[in-house]
Amino acid sequence: MTTDTTGTAARDGEPRRGGPADSPFVRACRREPGPHTPVWFMRQAGRSLPEYREIRANVPMLESCRSPELVTEITLQPVRRHGVDAAILFSDIVVPVAAAGIDLDIVPGTGPVVAEPVRTAADVERINPIGRDDVSYVDEAVRLLVAELGDTPLIGFAGAPFTLASYLVEGGPSRTHAKTKALMYGDPELWHALCARLAEVTLSFLRVQVDAGVSAVQLFDSWAGALSEADYRRYVLPHSAHVLAGLAGAGVPRIHFGVGTAELLGAMGEAGADVVGVDWRTPLDVATRRIGPDKAVQGNLDPAVLLAPWPVVEAAVRRILDEGRAAPGHVFNLGHGVLPETDPEVLTRVVALVHELSARPAA
């Protein structure tokens with residue numbers, strides 16, 4: 001590792017004590033004891049916060065993601081309000097794909113929409129490699145955030161090759177992923193060429209974030225749960241593993257998360273992450289047995305539980321903390337992203353409750 005702007009990693013790749021590297025979040029990711037179970041929420045930067053909706057009013061999503069000042073403010077909002085143990089960079093998984101030359105837009109109420117879907121070898125060739133200059137706004141935002149966050153770690157992220165490929169092949173979100181699977185099964189050579197190219201884009205995007213100072217990275221494979229384990233291993237695992245292996249010497253924990261992946265957890269653990277995110281469908285003690293004893297876990301409160309009366313929320317938090325004790329490291333989170341209709345006060349109470357229930361006496 002050649003850069004060390006945050007204290008997150010030493011130049012020899014070993015974690016340094018103090019600062020974000022010694023935070024409860026990073027310690028849990030490394031399966032080390034800490035003062036309490038750390039907690040953050042996927043999609044905490046935005047959605048449910050009125051201050052987010054105000055600052056994003058009339059600003060398109062991609063434009064928001066390309067404004068370092070706006071990214072910084074939105075990323076900091078949940079840290080200020082909730083007291084979470086980590087911030088996650090406000091961005092979108094299609095940001096690097098747009099930087100790679102794909103014409104797309106993030107349409108409100110729909111999601112990413114691709115002008116010309118990728119379905120041929122010529123289409124794959126349109127996906128260009130990216131470097132720091134292509135996403136300089138992300139580099140700048142991370143550096144601004146690291147300076148503002150102090151000892152609070154910043155999580156960088158990117159979409160995994162399969163999920164990105166699905167958006168590009170389908171032309172937008174899909175419930176069936178029929179076109180994606182048709183290409184995957186019908187032309188495996190083209191499929192692997194597409195995913196290999198996306199893996200390089202993803203790896204480059206994450207390296208920019210690591211070099212700028214993030215303390216951890218999360219690889220989102222949102223749609224991997226649409227596959228059988230056999231298909232995941234054949235068509236997806238090699239490309240996700242390439243991304244994660246490319247960050248093995250970066251000195252930061254690597255988190256890998258997907259939705260509906262109960263039957264894939266063992267294979268996802270093999271992809272090379274330090275932490276495997278688990279959605280709400282699988283208890284964390286069961287997930288730990290599937291993933292193996294050498295990985296921390298992250299999760300896994302059902303986001304819809306946050307809409308229930310507080311006694312229901314409290315009981316669910318207690319259960320998940322109990323189940324998480326089976327893992328060698330546990331980062332409390334939701335099993336997917338914060339729902340827009342969530343009361344922010346409930347999130348703040350969950351953070352306080354997790355800290356209270358999991359507090360450990362100082363050694």
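Heavy-atom basis, side chains included; hydrogens, waters and symmetry copies ignored. Just so it is clear, the model here is predicted, and its values are computed rather than measured.
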### Query
Do the side chains of Val214 and Phe157 get nearer than 4.5 Å, heavy atoms only?
no
### Query
Considering only heavy atoms from C-beta outward, does the side chain of Thr75 approach that of Ile88 to under 4.5 Å?
no
### Query
With under 30° as parallel and over 60° as perpendicular, where do the rings of His239 and His192 fit, or are they tilted in between?
tilted
### Query
Leu244 and side chain to side chain contact (heavy atoms under 4.5 Å, CB included): which partner among Ile255, Val217, Leu219?
Leu219
### Message
Within a 6.0 Å radius of atom CD on Glu189, are there more than 12 heavy atoms belonging to other residues, nucleotides or ligands?
### Response
no
### Query
Is it true that Trp280 and Val286 fall in one hydrophobic cluster, defined by side-chain heavy atoms closer than 4.5 Å?
no
### Query
Is there a side chain to side chain contact (heavy atoms under 4.5 Å, CB included) between Val39 and His82 once you walk through the steps?
CA-CA 10 Å; Val39 53; His82 304 311; over 6 Å; no
### Query
What do the steps show when you test Val313 against Leu306 for side chain to side chain contact (heavy atoms under 4.5 Å, CB included), and what is the final call?
CA-CA 6 Å; Val313 178; Leu306 296 172; 4.2 Å; yes
### Query
Is the closest side-chain heavy-atom distance between Val113 and Leu104 below 4.5 Å?
no
### Message
Which residues pass the side chain to side chain contact (heavy atoms under 4.5 Å, CB included) test with Arg349, not counting sequence neighbours?
### Response
Trp310
### Task
Output yes when Asp211 and Arg207 qualify as a salt bridge under the 4.0 Å nitrogen-oxygen rule, no when they do not.
no
### Message
Check this for me: Arg234, atom CZ, are more than 12 non-hydrogen atoms of other residues, nucleotides or ligands nearer than 6.0 Å?
### Response
no
### Message
Would you say the ring centers of Tyr235 and Phe162 fall short of 6.0 Å from each other?
### Response
no
### Query
Hey, are the side chains of His330 and Arg325 touching, using non-hydrogen atoms and a 4.5 Å cut-off?
no
### Query
Any side-chain heavy atom of Asp92 sitting closer than 4.5 Å to one from Met61?
yes
### Task
Find out whether Asp231 and Val236 are in side-chain contact, i.e. whether some heavy atom of one side chain is under 4.5 Å from a heavy atom of the other.
no
### Query
Is there a side-chain contact between Asp85 and Trp40 (heavy atoms, below 4.5 Å)?
no
### Query
Are Arg27 and Asp22 ion-paired here, with the side-chain N under 4.0 Å from a carboxylate O?
yes
### Task
Report the C-alpha separation of Phe257 and His336 in whole Å, then their side-chain angles, then the decisive distance to 0.1 Å, and conclude whether the side chain to side chain contact (heavy atoms under 4.5 Å, CB included) test is met.
CA-CA 9 Å; Phe257 172 75; His336 201 195; 4.1 Å; yes
### Side-chain ion pair, Asp322 and Arg319, N-O less than 4.0 Å
no
### Query
Can you tell me if Thr120 and Asp123 form a side-chain donor-acceptor pair at under 3.5 Å?
yes
### Verdict with reasoning, Asp221 to His256, per side chain to side chain contact (heavy atoms under 4.5 Å, CB included)
CA-CA 7 Å; Asp221 211 351; His256 195 19; 4.0 Å; yes
### Query
With distance as the sole criterion, is a donor-acceptor pair present between the side chains of Gln77 and Gln44 under 3.5 Å?
no
### Summary
From the list Ile102, Ile93, Val118, Leu194, side chain to side chain contact (heavy atoms under 4.5 Å, CB included) partner of Leu164 resolves to Ile93
### Query
Should the ring pair His36 and His355 be called parallel, tilted or perpendicular, given that the plane angle runs from 0 to 90° and is split at 30 and 60?
tilted
### Task
Report, as yes or no, whether the 6.0 Å neighbourhood of atom CD on Glu314 holds more than 12 heavy atoms from other residues, nucleotides or ligands.
yes
### Task
Report yes or no: do Arg56 and Ser64 form a side-chain donor-acceptor pair below 3.5 Å?
yes
### Message
Taking the side chain as everything from C-beta on, heavy atoms only, tell me whether Leu334 gets closer than 4.5 Å to Asp302.
### Response
no
